[in-house]
Participant: 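A single structure is presented below for examination.
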Amino acid sequence: MILPDNSSNYLPGARVLVLGGGLAGLAVALDLAGRGHQVAVVERRRYPFHRVCGEYVSNEVLPYLRRLGADPAALAPAAIRRFGLSSPAGRTLASPLDMGGFGVSRYQLDEFLYQKALAKGVEFIFATVADVAFDAATDQHRVALADGRQLLAPLVLGTYGKRSALDRQLARPFFSQRSPYLGVKHHLRLPGFARDVIELHNFREGYAGISAIEDDKLCFCYLTTRTNLKAAGGSIAAMEHKVLARNPLLADILRNSERLYAQPEVINEISFAPKQPVEQHLLMVGDAAGLITPLCGNGMAMAIHGAALAAPLADRFLRGELPRPALEAAYGRAWQRQFGTRLRVGRAVQGLFGGPVLSELVVGSLRYWPAAVRTLMRQTHGAEFG
Ligand SMILES: Cc1cc2nc3c(=O)[nH]c(=O)nc-3n(C[C@H](O)[C@H](O)[C@H](O)COP(=O)(O)OP(=O)(O)OC[C@H]3O[C@@H](n4cnc5c(N)ncnc54)[C@H](O)[C@@H]3O)c2cc1C
């Protein structure tokens, strides 16, 4: 549905609209503003805020963020160089991380990029996008906000994350298929936990990541299914006690840590189904184009890398050097080339850790096969870009 045409509602505005101000949206806005374009980001929440996310960022993003003038070193993140994995029964393996990464909360990272974008002249409109439609007659998009205002722009990027009512408006097939996955995040303090390691602990129908972020805090974030939550009477605390704590390493973490929020952050209906990078003339970037399983710890890098792919093409389009069909075809190709394999391998790896027996077998075999662990990591990560 698009709101009735009422020209008095149109906001004067930017040539580029970015729908959603997460990592993909903030990075693409910064990049395009740096190339001299007038950019507005529409974001429904006010910064800073917490999100469900494991908060481990692959170092592949560093050259690009530095080029955008947003070096995350300013946030004093944790430098993460080692990886540990445990099976539901607590069997472990350890491996170095070839490229490594850094740990910083989304609360800090998104606020940091928001401030950088403001300083570069990006306009922020704090509102929910209700609808977007392309008008072929004027070669423009019409974006309707939930408060009744409307925006017009020749270029619109969909950076609104993994799932939004906008996906229903765009009739994207994944939206109508239910997904069993939910995500939960806590910030913890756990004295003695090494700041240079990311650990991944499996449990029945789920896995949890834990790694350091800024200050002396840890991010503890897990993906599991509604079945586990239902079996615990709908209580997150009971599920952690009854299901996660069967893994002895998770039991230790849960028993010995101090929780830093009154309530954890929770999201549901997390879908890993394939999506299209271009929909009804919108360039989709980040999770809106495709979500890699969190097991791989690469979704944030992909969101930022997607911005690096979209911005130079969008720049040429806005300068009149690339017609719209060529822009869409080039972005779709670049996106598939960069992320297609990573997403397929991610889905396959997630399948390996589905059931307890298979998880035991996989961890049991991989501990004697360190080269395979590193190969899997390379397949689910990209090279540095920028
Ligand atoms: C359990 C879990 C753990 C994870 N752990 C990691 C990890 O450790 N490392 C990693 O790299 N990745 C991880 N990820 C993935 C990572 O969080 C995402 O890939 C990343 O946040 C994608 O960024 P984005 O900009 O596409 O979307 P988001 O960061 O989700 O941003 C989307 C923005 O759009 C806004 N929005 C949505 N709809 C509207 C609307 N209608 N109007 C206005 N605004 C709107 C939202 O408020 C939001 O701010 C994890 C994911 C999950 C589920």
Side-chain angles (χ1 to χ4, degrees), residues 17-29 40-61 80 101-106 109-110 113-114 124-132 143-147 151 157-170 179 181-186 198-200 206-211 213 219-224 264-272 275 284-307 339 342-343 346 350 380-382:
L17 290 177
V18 176
L19 310 184
L23 290 180
L26 291 167
V28 82
V41 175
V42 188
E43 168 54 51
R44 65 183 172 194
R45 297 176 73 185
R46 295 258 171 195
Y47 305 98
F49 55 90
H50 291 289
R51 302 173 191 269
V52 172
C53 182
E55 303 183 332
Y56 164 84
V57 194
S58 164
N59 278 339
E60 66 205 64
V61 303
I80 299 175
F102 59 93
V104 65
S105 67
R106 293 293 300 270
L109 182 59
D110 292 29
L113 295 175
Y114 164 58
F124 280 81
I125 300 168
F126 289 101
T128 298
V129 179
D131 196 10
V132 54
V143 172
L145 306 183
D147 59 16
L151 307 158
L157 293 116
T159 54
Y160 53 77
K162 42 187 109 24
R163 186 180 175 87
S164 161
L166 283 174
D167 291 311
R168 187 179 38 226
Q169 310 288 357
L170 294 167
S179 164
Y181 295 110
L182 61 109
V184 180
K185 179 177 92 170
H186 298 273
I198 176 162
E199 290 182 355
L200 199 64
Y207 49 84
I210 181 166
S211 50
I213 52 172
C219 176
F220 178 66
C221 185
Y222 57 89
L223 187 85
T224 188
E265 296 286 313
V266 182
I267 50 168
N268 58 23
E269 289 291 342
I270 303 170
S271 167
F272 303 103
K275 302 174 184 172
M284 300 294 188
V285 189
D287 287 357
L291 173 60
I292 191 164
T293 149
L295 187 67
C296 303
N298 202 242
M300 288 191 276
M302 285 175 55
I304 295 170
H305 200 158
F339 304 125
R342 235 185 278 190
L343 284 164
Q350 173 139 306
T380 52
H381 287 72

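Ligands are counted one by one from 1 in listed order, and the atoms in each one are counted from 1 as well.
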Participant: Identify, by atom number and element, the atoms of ligand 1 in contact range of G161, meaning under 4.0 Å from any of its heavy atoms.
Facilitator: 27 (O), 30 (O), 32 (C)
Participant: Could you tell me whether the side chain of T224 reaches within less than 4.5 Å of the side chain of L182, counting heavy atoms only?
Facilitator: yes
Participant: Test your reading of the structure: does V129 have an N or O sitting under 3.5 Å from an N or O of ligand 1?
Facilitator: yes
Participant: For G286, take its heavy atoms, then give the atoms of ligand 1 lying under 4.0 Å from any of them.
Facilitator: 26 (O)
Participant: Considering non-hydrogen atoms only, spot the tightest contact between H381 and N298 and give its length.
Facilitator: CD2-ND2, 3.1 Å
Participant: Between the side chains of R168 and E269, is the shortest nitrogen-to-carboxylate-oxygen separation below 4.0 Å, so that they form an ion pair?
Facilitator: no
Participant: Using the side chain to side chain contact (heavy atoms under 4.5 Å, CB included) rule, take L151 and I125 through it: C-alpha gap first, then chi angles, then the decisive distance, then the call.
Facilitator: CA-CA 11 Å; L151 307 158; I125 300 168; 4.0 Å; yes
Participant: Quick one: ring pair (Phe, Tyr, Trp, His ring centres under 6.0 Å) partners of F220, sequence neighbours excluded?
Facilitator: Y222
Participant: Going by the order shown, which atoms of ligand 1 are within less than 4.0 Å of some heavy atom of A303?
Facilitator: 22 (C), 23 (O)
Participant: List the closest protein heavy-atom neighbour of atom 52 (C) of ligand 1: residue, atom name, distance to the nearest 0.1 Å.
Facilitator: P294 CG, 3.7 Å
Participant: Report yes or no: does S179 contribute a side-chain atom to a donor-acceptor pair with the main-chain N or O of I270 at less than 3.5 Å?
Facilitator: yes
Participant: Any idea which part of N298 is under 4.0 Å from ligand 1, heavy-atom wise: side chain, backbone, both or neither?
Facilitator: backbone
Participant: For atom 44 (N) of ligand 1, grab the closest protein heavy atom and report residue, atom and distance to one decimal in Å.
Facilitator: R44 N, 3.3 Å
Participant: Pick one of side chain, backbone, both or neither for how R51 approaches ligand 1, counting any non-hydrogen atom pair under 4.0 Å.
Facilitator: side chain
Participant: Within the structure, does E43 bring an N/O atom to less than 3.5 angstrom of an N/O atom in ligand 1?
Facilitator: yes
Participant: Between Y56 and I198, is there a donor-acceptor pair closer than 3.5 Å when you use the side chain of the first and the backbone of the second?
Facilitator: no
Participant: Checking T159 side chain against G20 main chain: does a donor-acceptor pair fall under 3.5 Å?
Facilitator: yes
Participant: Is there a nitrogen or oxygen of V57 sitting under 3.5 Å from a nitrogen or oxygen of ligand 1?
Facilitator: no
Participant: Using 0.5 Å steps for rounding, measure from the SG atom of C53 to the CE atom of M300.
Facilitator: 3.5 Å
Participant: Looking only at non-hydrogen atoms, which of H381, R163, R106, M300 approaches atom 21 (O) of ligand 1 most closely?
Facilitator: R106
Participant: Could you identify the single nearest non-hydrogen protein atom to atom 19 (O) of ligand 1 and state the distance to 0.1 Å?
Facilitator: D287 OD1, 2.7 Å
Participant: Is any side-chain N of the basic residue among D110 and R51 closer than 4.0 Å to the acidic one's carboxylate O?
Facilitator: yes
Participant: Would you indicate which of F272, Y56, Y160 comes nearest to atom 7 (C) of ligand 1 when only heavy atoms are counted?
Facilitator: Y56
Participant: Can you check whether R44 reaches Y160 side chain to side chain, under 4.5 Å on heavy atoms?
Facilitator: no
Participant: List ligand 1 atoms under 4.0 Å from E55, heavy atoms only on the residue side.
Facilitator: 7 (C), 8 (O)
Participant: Select one of side chain, backbone, both or neither to describe which atoms of L19 lie under 4.0 Å from any atom of ligand 1, heavy atoms only.
Facilitator: neither
Participant: For G54, counting its heavy atoms only, list the atoms of ligand 1 lying under 4.0 Å from any of them.
Facilitator: 3 (C), 4 (C), 5 (N), 6 (C), 7 (C), 8 (O)
Participant: List the closest protein heavy-atom neighbour of atom 31 (O) of ligand 1: residue, atom name, distance to the nearest 0.1 Å.
Facilitator: G22 CA, 3.3 Å
Participant: When you measure from atom 14 (N) of ligand 1 to every protein heavy atom, which one gives the shortest distance, and what is it?
Facilitator: C53 SG, 4.1 Å
Participant: Based purely on interatomic distance, does Y222 place a nitrogen or oxygen under 3.5 Å from a nitrogen or oxygen of ligand 1?
Facilitator: no
Participant: Is a donor on one side and an acceptor on the other found under 3.5 Å between the side chain of E265 and the backbone of K185?
Facilitator: no
Participant: Within ligand 1, which atoms have a heavy atom of S164 less than 4.0 Å away?
Facilitator: 38 (N), 41 (N)
Participant: Answer with yes or no whether G209 contacts ligand 1, where contact means a heavy atom under 4.0 Å from a ligand atom.
Facilitator: no
Participant: Strictly distance-based, threshold 3.5 Å: is any side-chain N or O of K275 a donor or acceptor partner for the main-chain N or O of K162?
Facilitator: yes
Participant: What are the two closest non-hydrogen atoms of L145 and A127, and how far apart are they?
Facilitator: CD1-CB, 4.0 Å
Participant: Among all protein heavy atoms in this structure, tell me which lies nearest to atom 1 (C) of ligand 1, with the distance rounded to 0.1 Å.
Facilitator: C221 SG, 3.6 Å
Participant: Any non-hydrogen atom of A127 lying under 4.0 Å from ligand 1?
Facilitator: yes
Participant: Nearest to atom 25 (O) of ligand 1 by heavy atom, A165, G299, A24: which?
Facilitator: A24
